[in-house]
Amino acid sequence: MNNIFQIKKILKEALSQAAKSIEPSLVDVENQIAIEIPRDVNHGDFASNLPLLLSKQLKESPTAIAAKIKSHLTLPLLPDTQITPMGGFINFKISNELLAESLFVALKLNQNYGKTDLLNGEKVLLEFVSANPTGPLNVVNARAAALGDCLSNLLEAAGAIITKEYYINDAGVQSKLFAESIRSAIRRSQGIKADAPEGGYQGNYIDDLANEIIQSEGIKEFDIQELSKIGIDIMVKWHKQSLEKYGVYFNSWFSEYEELHRTGKIDQVILLLKQLNYTYQLDEACWFEAKKFGAEKDEVLIKKDTNPSYFAADIAYHVDKFNRGYTKLIDIWGPDHHGHINRLKLALLALKLPVENFNVLIAQQVNLLNLGLKIKMSKREGNFITMDELLNEVGKDAARFSFIMRGSNSHLDFDIELVKKQTMENPVYYLQYAHARICSLLKKVNDKDLPRKFENFLIPQTIEVEERNLLKAILEFPYWIYDAAIFYEPHRLVNFLHKVSAEYHSFYSKYRILDASSESMKFRIILSSGIEIILKNGLHLLGISAPEQM
RNA sequence: GCGCCUGUAGCUCAGUUGGAUAGAGCAACUGCCUUCUAAGCAGUGGGUCGACGGUUCAACUCCGUCCAGGCGCACCA
């Protein structure tokens with residue numbers, strides 16, 4: 001059985017052998033050889049740049065070297081592979097029989113096709129959304145949620161063990177301000193004149209919150225501490241509900257107050273930094289000497305009011321993540337936090353933790369547009385668009401897809417009216433339609449038309465280019481999952497699935513399937529089944545439904 | 001002022017950790033439904049990849065300097 005990773009490995013080793021037999025003194029060729037999947041089908045299924053690499057060392061032209069390599073190259077494990085030197089590259093075209101193997105594997109593994117164990121059970125903590133529990137989730141949270149959830153699926157499919165965690169920011173002065181804002185709302189609901197506190201929270205949701213509290217607790221004079229806890233609990237419940245509607249579920253909800261403040265873990269971390277001599281006292285505050293690690297300025301760990309800063313809590317939080325046994329930490333933050341990345345890494349560095357295993361992705365800002373006009377949003381005035389509203393407007397699949405189809409670093413323009421209005425032309429439907437088309441086709445197939453054992457089915461002697469491209473897509477599928485996972489870029493898989501859908505649509509319009517010749521028909525049916533599997537599995541990894549009819 | 005992100009077709013964005021002729025969707029224009037789903041297919045037009053240098057056999061990709069836009073730079077989180 002040959003999968004794409006094995007084929008690449010075989011090619012690499014064979015090339016390296018050939019290079020060494022040409023010039024035994026060559027060292028470290030294996031690591032320099034790149035085996036890539038060419039964009040242009042005329043360049044074969046795989047290509048290597050080895051001749052170009054050796055050209056300088058061997059003082060010969062790349063084309064001469066390519067010819068030499070070809071004469072020294074043997075591929076017993078990949079029979080009937082065409083080797084074509086071409087302008088400094090060596091192109092490989094594997095046999096149709098070999099290609100078809102991946103189709104049979106896909107049919108056999110079905111919903112498990114595409115999964116690998118390449119990440120070898122690595123324990124990953126993926127923290128995302130983690131919105132302040134003082135207001136509803138917004139569109140950037142929606143973007144982070146889609147990204148995080150999808151990334152988690154991909155990493156899992158590539159063999160990692162993922163914990164999805166939501167950090168509840170339930171300590172600090174904001175939660176007090178939040179409680180005071182609720183108290184004012186409760187009073188207002190009783191007809192008592194009460195404005196929101198200075199810099200406090202406004203918006204309809206505060207009144208909704210007040211009403212819910214009155215319903216469950218009755219009317220009384222609340223202690224601010226108590227009210228803060230009640231309010232945050234409800235807010236977190238709302239967040240959870242919004243996320244579930246969006247298809248995003250967390251394994252762990254981590255309370256800053258309970259897990260870090262009350263357990264003394266923050267104090268411990270500060271003490272550790274003190275013992276390492278990276279702190280000093282100034283203006284009644286305790287500072288971390290970030291400058292010693294190249295930062296522009298030092299950072300406060302303990303504030304004048306004796307409470308730990310957000311920074312101190314975050315250090316303790318990430319130390320705790322490592323202590324819980326995770327070997328890789330991934331955080332997805334909003335664009336307004338990017339300035340925080342460096343100082344947190346410096347603190348972890350000071351504590352001698354493996355900073356290289358800590359990665360922060362930024363879910364960049366989302367400009368909401370309404371038919372090309374930018375919607376002004378202000379949290380202060382409570383007129384921002386929430387994640388719930390977005391979901392109600394455009395639906396789960398279109399919303400998730402719109403975020404996932406682009407890199408997380410791009411500053412996204414999201415035109416609500418466009419996504420809503422053009423639902424028929426939205427790219428998400430293009431993929432789903434390809435899937436639905438195949439399902440509808442397969443429903444019409446009689447059992448007698450299907451070969452009983454796929455493994456023994458021989459593919460036709462000659463096949464169309466379009467058919468070959470589809471076989472190749474099935475072969476490549478696991479690679480693109482792995483690729484998207486390790487680069488933390490789900491949109492790479494989206495691009496691949498879009499390409500596959502296009503190839504299938506094209507194939508479907510050009511050729512008859514059900515009333516083709518008997519041999520062709522059987523092949524086209526099982527080929528379509530294979531494509532159905534990768535589209536279905538791919539869409540599921542993206543957290544998008546794969547409808548059987550549309 | 002310093003830092004991060006972004007700059008690719010009219011618009012929104014891809015571009016496989018430096019590869020071969022820079023791609024897709026939308027918008028515009030031409031064709032294609034008595035036959036498996038036209039939410040589709042086939043095709044046309046549209047680009048000095050922000051600018052200028054540098055490294056390399058090879059640069060949209062890496063480095064440097066600028067230009068433009070966005071966002072950060074609290075004892076807020």
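Just so it is clear: chains get the letters A, B, ... in the order the sequence lines come, proteins before strands, and each one is counted from 1.
- Nearest-nucleotide mapping onto RNA chain B: of A:D413 and A:I438, the residue sitting toward the 5' end is A:D413.
- Scanning atom types as modelled, no donor and acceptor separated by under 3.5 angstrom connect the side chain of A:N49 and the base of B:A20.
- For B:C41, the paired nucleotide is B:G31, the pair qualifying as Watson-Crick or G-U wobble because both relevant distances are below 3.5 Å.
- The pair A:D45-A:R468 meets the salt-bridge criterion, with a side-chain N (NZ, NE, NH1 or NH2) lying under 4.0 Å from an Asp/Glu carboxylate O.
- One cannot find a donor-acceptor pair under 3.5 Å joining the base of B:G72 and the side-chain atoms of A:H337.
- You'll find the side chain of A:I4 stays beyond 4.5 Å of the side chain of A:F477, heavy atoms only.
- A:E289 places none of its side-chain heavy atoms less than 4.5 Å from the side chain of A:E299.
- Remark: B:A14 base-pairs with no nucleotide; criterion is Watson-Crick or G-U wobble with both hydrogen-bond distances under 3.5 Å.
- Comparing the same atom, P, in B:G7 and in B:C63 gives a spacing of 14 Å after rounding to whole Å.
- Comparing B:C49 with B:G15, their C1' atoms are spaced 11 Å from each other, to the whole Å.
- The distance between the ring centers of A:Y167 and A:Y317 falls below 6.0 angstrom.
- In terms of polar N and O atoms assigned as donor or acceptor, the side chain of A:H411 comes within less than 3.5 Å of the base of B:C5 in a complementary pairing.
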